[in-house]
Amino acid sequence: EQGEPVFNNKFSRAFLEEYQRRDPALFAAQYENKIVDSALTEFSKGWLIHTDAERIMSSEETRWWPRYLGVDPNTNTAGTADRCGFAIEVVAPDDSRHVLRCWGSRPDPDELINTLFNLHRQYGFRLMFIEKEARDTLEHFLLKEQRKRGVWLPIRWERPGREKGSKFG
């Protein structure tokens with residue numbers, strides 16, 4: 001029944017309410033089967049408005065909106081490793097943000113660097129935000145490739161403000 005404890009023979013309602021009050025994140029993960037309680041996140045999926053990316057990219061009015069790339073790299077290609085995450089967004093004059101595309105993959109370091117150049121050529125990013133933890137691994141190779149190609153990518157190395165898993169609810 002909706003709103004009733006799942007294992008009412010093991011856990012009383014009072015016990016579950018106290019458990020949730022003491023550690024909402026653990027309660028959400030262990031009892032509600034949510035990795036992070038949405039009340040503890042910085043971003044709510046409910047804020048998303050689905051956008052026609054093709055219309056934004058091709059419209060005379062919107063094609064000049066600044067474009068940004070966010071990258072959460074993972075240069076470990078093991079099948080069990082996290083995937084590298086990419087998100088392309090544009091910012092409208094009213095400061096609303098429109099995600100044009102987001103995806104994940106497991107590129108090796110050379111593929112990742114080529115992807116960054118190819119995406120920048122396609123979208124002309126104002127800035128490319130790359131997670132700072134990857135700087136030691138990628139910066140030398142990115143600089144070398146930029147010199148070789150004569151193309152300088154607008155990269156800013158960023159550290160996530162909170163644990164990555166708690167950003168999205």
Side-chain angles (χ1 to χ4, degrees), residues 1-53 56 65-109 111-113 115-116 119 123 125-140 142 153-169:
E1 189 69 33
Q2 182 71 16
E4 293 298 313
V6 177
F7 301 109
N8 56 6
N9 58 337
K10 284 185 137 188
F11 305 112
S12 69
R13 179 177 294 282
F15 171 82
L16 292 172
E17 288 171 354
E18 177 63 16
Y19 180 33
Q20 184 176 24
R21 186 189 66 71
R22 283 188 181 191
D23 195 339
L26 188 60
F27 178 83
Q30 295 294 322
Y31 193 75
E32 295 180 317
N33 202 23
K34 291 192 240 170
I35 294 175
V36 176
D37 183 359
S38 58
L40 304 173
T41 61
E42 295 177 11
F43 178 84
S44 171
K45 289 179 185 170
W47 297 344
L48 288 177
I49 299 170
H50 293 278
T51 301
D52 180 354
I56 286 179
W65 291 358
R67 298 177 184 125
Y68 299 90
L69 174 68
V71 182
D72 180 357
N74 182 8
T75 54
N76 182 343
T77 57
T80 58
D82 286 344
R83 293 161 31 133
C84 178
F86 299 88
I88 297 171
E89 73 173 26
V90 295
V91 179
D94 67 0
D95 223 21
S96 62
R97 298 172 182 276
H98 302 264
V99 177
L100 299 181
R101 185 175 169 211
C102 58
W103 71 99
S105 64
R106 288 191 175 93
D108 66 38
E111 290 171 323
L112 174 57
I113 289 171
T115 298
L116 294 175
L119 288 171
Y123 291 95
F125 298 114
R126 179 172 285 179
L127 273 175
M128 301 168 81
F129 297 97
I130 303 176
E131 191 171 283
K132 196 172 192 171
E133 282 70 19
R135 189 174 193 165
D136 291 342
T137 308
L138 292 176
E139 187 173 40
H140 168 77
L142 268 169
L153 300 177
I155 293 172
R156 180 182 294 169
W157 301 96
E158 290 286 323
R159 173 169 277 122
R162 291 175 59 177
E163 165 129 13
K164 285 186 274 187
S166 67
K167 286 194 173 294
F168 302 97

> Could you go step by step and tell me if Arg101 and Phe86 meet the side chain to side chain contact (heavy atoms under 4.5 Å, CB included) rule?
Replying inline: CA-CA 8 Å; Arg101 185 175 169 211; Phe86 299 88; over 6 Å; no

> Residues in side chain to side chain donor-acceptor pair (under 3.5 Å) with Ser105, at least two apart?
Replying inline: none

Sidechain N-carboxylate O distance under 4.0 Å for [X], [Y]:
X: Arg22; Y: Glu18; result: yes
X: Glu89; Y: Arg97; result: yes
X: Arg159; Y: Glu131; result: no

Check [X] against [Y] and note the closest heavy-atom contact, atom names and distance.
X: Leu112; Y: Pro107; value: N-CB, 3.8 Å
X: Tyr68; Y: Phe125; value: C-CD2, 3.5 Å
X: Gly104; Y: Arg83; value: O-NH2, 3.1 Å
X: Trp65; Y: Val91; value: CB-O, 3.5 Å
X: Pro73; Y: Cys84; value: CA-SG, 3.5 Å

Within this structure, what is the [atom1]-[atom2] distance for the pair [X] and [Y], rounded to the nearest 0.5 Å?
X: Ile88; Y: Leu119; atom1: CD1; atom2: CG; value: 5.0 Å
X: Glu133; Y: Asp72; atom1: CD; atom2: CG; value: 8.5 Å
X: Glu139; Y: Ile130; atom1: CD; atom2: CD1; value: 9.5 Å

>> Between Glu111 and Asp108 (side chain of the first, backbone of the second, donor and acceptor by atom type, cut-off under 3.5 Å), is there such a pair?
In response: yes

Any side-chain heavy-atom pair from [X] and [Y] closer than 4.5 angstrom?
X: Leu142; Y: Leu153; answer: yes
X: Phe129; Y: Ile155; answer: no
X: Ser96; Y: His98; answer: yes
X: Leu116; Y: Met128; answer: yes

> Is there a side chain to side chain contact (heavy atoms under 4.5 Å, CB included) between Val90 and Tyr123 once you walk through the steps?
Replying inline: CA-CA 10 Å; Val90 295; Tyr123 291 95; over 6 Å; no

